[in-house]
Amino acid sequence: MPGACHVRGTMELSELQQIRQDKAQALRERGIEPYPGRAHRTASTEDAIARFEDQEHAQALVDGHDTEPITVAGRIVSFRHMGKTVFAHIRDGHGQIQLYLRKDVLGADAYDDLLKLFDLGDFVEATGELFRTKTGEVSLRTSEIRMLAKALNAPPEKWHGLSDIETRYRQRYVDLIANEEVREVFRIRARTITALRHFLDSRDYLEVETPTLQPLYGGAAARPFTTHHHALDQTFYLRIADELYLKRLLVGGYERVYEICKDFRNEGIDRNHSPEFTMLEFYEAYADYETMMETVEAMIVQAAQEVLGTLRITYHDKEIDLTPPWRRVTLRAAIEEYSGIDYVDHPDQASLLAAARAAGADIESGTVWPRIVDELLKQFVRPNLIQPTFLTDYPVALSPLAKRKADDPTHVERFQPLVAGSIELGNAFTELNDPMDQLARFQEQQKDREAGDEEAMPIDIDYVTALMYGMPPTGGVGIGIDRLVMFFTDQPTLRDVILFPAMRRQAIEDGRPALAATSDDTAP
RNA sequence: GGGCCGCUAGCUCAAUUGGCAGAGCAACUGACUCUUAAUCAGUUGGUUCAGGGUUCGAGUCCCUGGCGGCUCACCA
């Protein structure tokens with residue numbers, strides 16, 4: 001692994017690491033601690049530049065200088081040595097600023113002896129007066145520079161940066177050092193989550209926390225991660241959804257609740273799926289899926305406006321306009337529009353399969369009826385839904401927790417917001433609150449489980465019991481935060497919006513993976 | 001899990017038909033008091049992912065394994 005020592009056993013440094021370690025030692029020999037406990041920064045780089053420009057504007061500079069000394073701190077990201085002058089940039093969490101170091105200002109001893117012990121990547125603090133260089137850049141005429149933390153690993157190459165995808169994910173900290181646009185992606189992620197919270201809080205939603213460790217999993221069709229609690233001697237599952245717990249809270253009397261949490265699904269990893277992902281679920285009493293469409297639309301629009309400052313988003317060269325109202329189309333109408341097939345005319349598997357194939361769909365022979373509908377959606381409809389669209393009214397077989405439509409019991413009141421032809425931003429429905437219907441749907445799922453469908457939901461008797469106490473008519477929504485951020489930031493895969501994506505364990509330090517795995521597993 | 005592709009210096013990448021493993025940046029030595037991919041001169045740096053095999057000779061061809069990417073399947 002780049003930059004790594006042989007971590008187990010010896011701490012053998014590479015040649016480049018050893019050179020830097022020797023410099024740290026040289027600092028100690030001069031009575032300078034290379035990892036001091038305190039910094040004495042008086043301004044961020046951003047504030048320093050702003051302050052200089054204010055002074056400049058107020059014409060308060062003396063001979064072009066802001067005479068009040070200032071101390072900035074950060075990582076050395078460039079270093080240009082020019083004889084008796086050095087130009088360097090340091091970067092902090094806000095921006096960067098140029099240091100101008102002169103032998104006659106810094107002092108001959110410091111300049112000749114100390115400066116050569118500083119490298120790219122080191123954290124330093126610099127004190128001096130702000131001025132503008134000939135090229136117009138606000139810079140710090142540095143009278144003192146002090147080591148804050150000696151870096152033993154060099155940062156990636158300055159021009160090409162770090163592009164190796166594996167290293168970017170495994171050593172995200174290096175990715176963040178090297179790539180400003182990656183730092184920005186995760187700022188947008190944070191601001192997006194904040195914006196969603198603000199939206200819901202302002203609408204009187206209560207943020208709640210429900211169990212991650214669940215004795216019974218449910219709320220979605222997925223295989224769970226399984227673990228064991230020793231003291232209780234009981235199997236627990238990492239939640240695949242928090243849906244059933246949030247709806248219990250509506251039984252309890254709260255009218256509007258939401259939770260932002262990690263869900264875990266023990267399934268494949270690809271550009272749209274991660275084994276742990278961040279979900280926003282929110283439920284509103286006395287609302288239905290129509291209400292929730294309004295809410296989702298308003299929420300995404302407000303988040304885009306707050307975070308990106310625009311409703312026009314480019315995703316993979318597609319121009320997407322979030323300006324409401326978004327298109328609403330039923331699943332049935334959309335499939336008919338784009339494939340020419342009305343699946344209601346084909347109520348059995350053989351008929352629908354034949355029609356789908358006649359329309360040019362690529363579907364395997366054994367595919368069950370609901371899956372054929374799903375394939376028609378995937379192959380004909382989705383690629384055409386570039387602009388934000390609510391796809392509504394799904395066949396009941398696809399949705400065991402949604403309420404049937406009053407005028408059509410074969411369909412449920414459900415919608416999915418889709419965008420950019422492929423991104424499902426979420427999933428929502430009018431919640432099923434008839435306890436006996438819910439029990440029947442669980443029993444259907446149970447049959448599928450017994451037939452070998454590992455993703456079918458187990459029966460949750462306590463949840464049925466809760467419904468028997470009465471749950472008001474309710475609209476519920478789940479929004480995939482990672483996908484929303486992927487859309488907002490124009491990233492190609494989910495992993496690019498997850499700081500530390502799941503990766504296969506790497507155990508190649510000494511070419512003995514089995515041994516490495518053993519020692520890892522027995523570590524305290 | 002299947003298929004295809006990749007892994008070469010700290011980073012970004014070369015290496016012709018199987019024929020001396022290279023460049024830029026970084027590092028090291030030196031020059032240079034307004035540079036910003038600084039410039040100039042010189043130097044160092046390699047288990048070519050690992051292990052086998054074929055061959056006079058393997059980064060290159062074959063086999064096995066590791067990790068990754070894309071894609072298909074499953075899923076949100």
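Predicted model, so just to flag it, every value in this text is computed and none were measured. Order of the sequence lines fixes the chain letters, A, B, ..., with proteins taken first and strands second; residue numbering starts at 1 for each chain.
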- Item | Arg30(A) with Asp113(A): basic N within carboxylate O range, under 4.0 Å | yes
- Item | Min side-chain heavy-atom separation Arg168(A)-Leu162(A) under 4.5 Å | yes
- Task: Enumerate the residues from residues 82-94 of chain A whose closest heavy atom to RNA chain B is under 4.0 Å, giving them by residue number; use none for an empty result.
- Result: Met82(A), Gly83(A), Lys84(A), Thr85(A), Phe87(A), His89(A)
- Query: Between the base of C11(B) and the side chain of Asp164(A), is there any donor-acceptor pair under 3.5 Å?
  - Reply: no
- Task: Identify whether any heavy atom of Tyr111(A) sits under 4.0 Å from a base atom; if not, whether one sits that close to sugar-phosphate; answer base, sugar-phosphate or nothing.
- Result: nothing
- Item | Whole-angstrom distance between C32(B) and C70(B), as gauged at atom C1' | 49 Å
- Task: Using the P atoms only, state how far G57(B) lies from G10(B), rounded to an integer number of Å.
- Result: 29 Å
- Strictly by modelled atom types, are Tyr289(A) and Asp393(A) linked by a side-chain donor-acceptor pair under 3.5 Å? yes
- Task: Go through C11(B), A76(B), C34(B) for me and flag the one nearest to the Leu162(A) side chain.
- Result: C11(B)
- What does Gly478(A) touch in the nucleic acid at a heavy-atom separation under 4.0 angstrom: a base, only the sugar-phosphate, or nothing? nothing
- Query: Is the His411(A) ring parallel, tilted or perpendicular to the Tyr343(A) ring (thresholds 30°, 60°)?
  - Reply: parallel
- Distance between P atoms of C4(B) and G51(B) (Å, rounded): 25 Å
- Are Lys447(A) and Glu444(A) ion-paired here, with the side-chain N under 4.0 Å from a carboxylate O? yes
- Message: Side chains of Arg414(A) and Asn427(A) only: does a donor on one sit below 3.5 Å from an acceptor on the other?
- Response: yes
- Task: Could you give the distance separating C11(B) and G30(B) at their C1' atoms, to the nearest angstrom?
- Result: 25 Å
- Indicate, with a heavy-atom threshold strictly under 4.0 Å, whether Phe277(A) touches base, sugar-phosphate, or nothing. base
- Task: Kindly point out which of C11(B), A76(B), C67(B) is positioned nearest to the side chain of Gln416(A)?
- Result: A76(B)
- Message: Distance check, P atoms only: U60(B) and U64(B), in whole angstrom units.
- Response: 16 Å
- Give the intermediate values and the outcome of side-chain contact (heavy atoms from CB on, under 4.5 Å) for residues Val412(A) and Leu432(A). CA-CA 9 Å; Val412(A) 296; Leu432(A) 176 56; over 6 Å; no
- Task: Determine, for nucleotides 25-31 of chain B in 5'-to-3' order, which nucleotides have protein heavy atoms under 4.0 Å from the base (write B), from only the sugar-phosphate (write S), or from neither (write -).
- Result: BSSS---
- Query: Does a side-chain N-to-carboxylate-O contact under 4.0 Å join Arg75(A) and Asp122(A)?
  - Reply: no
- Message: Just N and O in the side chain of Arg271(A): are any of them under 4.0 Å from OP1 or OP2 of U71(B)?
- Response: yes
- Query: Do Glu137(A) side-chain and U35(B) base share a donor-acceptor contact under 3.5 Å?
  - Reply: no
- Item | Nearest-nucleotide pick for Arg371(A), side chain only, options being C74(B), U12(B), U71(B) | C74(B)
- Item | Verdict with supporting geometry, Glu180(A) and Arg91(A), salt bridge (Lys or Arg N to Asp or Glu O under 4.0 Å) | CA-CA 11 Å; Glu180(A) 162 62 25; Arg91(A) 186 171 74 211; 5.8 Å; no
- Heavy atoms only: give me the nearest Thr392(A)-Met293(A) pair and the separation to one decimal. CG2-CE, 3.7 Å
- Task: Could you give the distance separating G59(B) and A21(B) at their P atoms, to the nearest angstrom?
- Result: 8 Å
- Message: Is a donor from one side chain sitting under 3.5 angstrom from an acceptor on the other, for Glu413(A) and Thr430(A)?
- Response: yes
- Message: What contact category does Thr278(A) fall into here, base, sugar-phosphate, or nothing, at under 4.0 angstrom with non-hydrogen atoms?
- Response: nothing
- Message: Heavy atoms only, 4.0 Å cut-off, all strands: where does Ser163(A) land among base, sugar-phosphate and nothing?
- Response: sugar-phosphate
- When all nucleic acid strands are considered with a 4.0 Å heavy-atom cut-off, which category describes Gly268(A): base, sugar-phosphate, or nothing? base
- Message: At 4.0 Å (heavy atoms only), tell me whether Met503(A) reaches a base, stays on the sugar-phosphate, or touches nothing.
- Response: sugar-phosphate
- Taking the six-membered ring of Tyr100(A), is NZ or CZ of Arg141(A) closer than 6.0 Å to its centre and within 45° of its axis? no
- Report the distance from atom CD of Gln18(A) to atom P of G10(B), rounded to the nearest whole Å. 15 Å
- Mind checking the P distance from A23(B) to A41(B)? Whole angstroms is fine. 14 Å
- Arg168(A) has an atom CZ; how far is it from atom P of G68(B), in whole Å? 15 Å
- Any ion pair linking Glu276(A) and Arg265(A) (charged N to carboxylate O, less than 4.0 Å)? no
- Query: If the C1' atom of G1(B) is compared with that of A27(B), how far apart are they to the nearest Å?
  - Reply: 45 Å
- Message: I need the CD1-P distance between Ile363(A) and C72(B), as an integer number of Å.
- Response: 16 Å
- Message: Just N and O in the side chain of Arg504(A): are any of them under 4.0 Å from OP1 or OP2 of G66(B)?
- Response: no
- For Arg495(A), report the nucleic acid contact type (base, sugar-phosphate, nothing); a contact means any heavy atom under 4.0 Å. sugar-phosphate
- Item | Separation of A76(B) P from Leu391(A) CG (nearest whole Å) | 14 Å
- How is Ala221(A) classified with respect to the nucleic acid when contacts are heavy atoms under 4.0 Å: base, sugar-phosphate, or nothing? sugar-phosphate
- Task: Using only side-chain N and O atoms of Arg80(A), determine if any of them is under 4.0 Å from OP1 or OP2 of U39(B).
- Result: no
- Note on the structure: Comparing nearest nucleotides in RNA chain B, the 5'-proximal residue of the pair Phe264(A), Ser14(A) is Ser14(A)
- For atom NE2 of His316(A), is the number of surrounding heavy atoms from other residues, nucleotides or ligands below 6.0 Å larger than 12? yes
- Within the structure shown, what part of the strands sits under 4.0 Å from Asp104(A) by heavy-atom distance: base, sugar-phosphate, or nothing? base
- Query: Which stems does RNA chain B form, counting runs of 3 or more consecutive Watson-Crick or G-U wobble pairs with both distances under 3.5 Å?
  - Reply: B:1-7 with B:66-72, B:10-13 with B:22-25, B:27-31 with B:39-43, B:49-53 with B:61-65
- Query: Taking the nucleotide of RNA chain B with the closest heavy atom to each, which residue, Gln98(A) or Asn272(A), is nearer the 5' end?
  - Reply: Gln98(A)
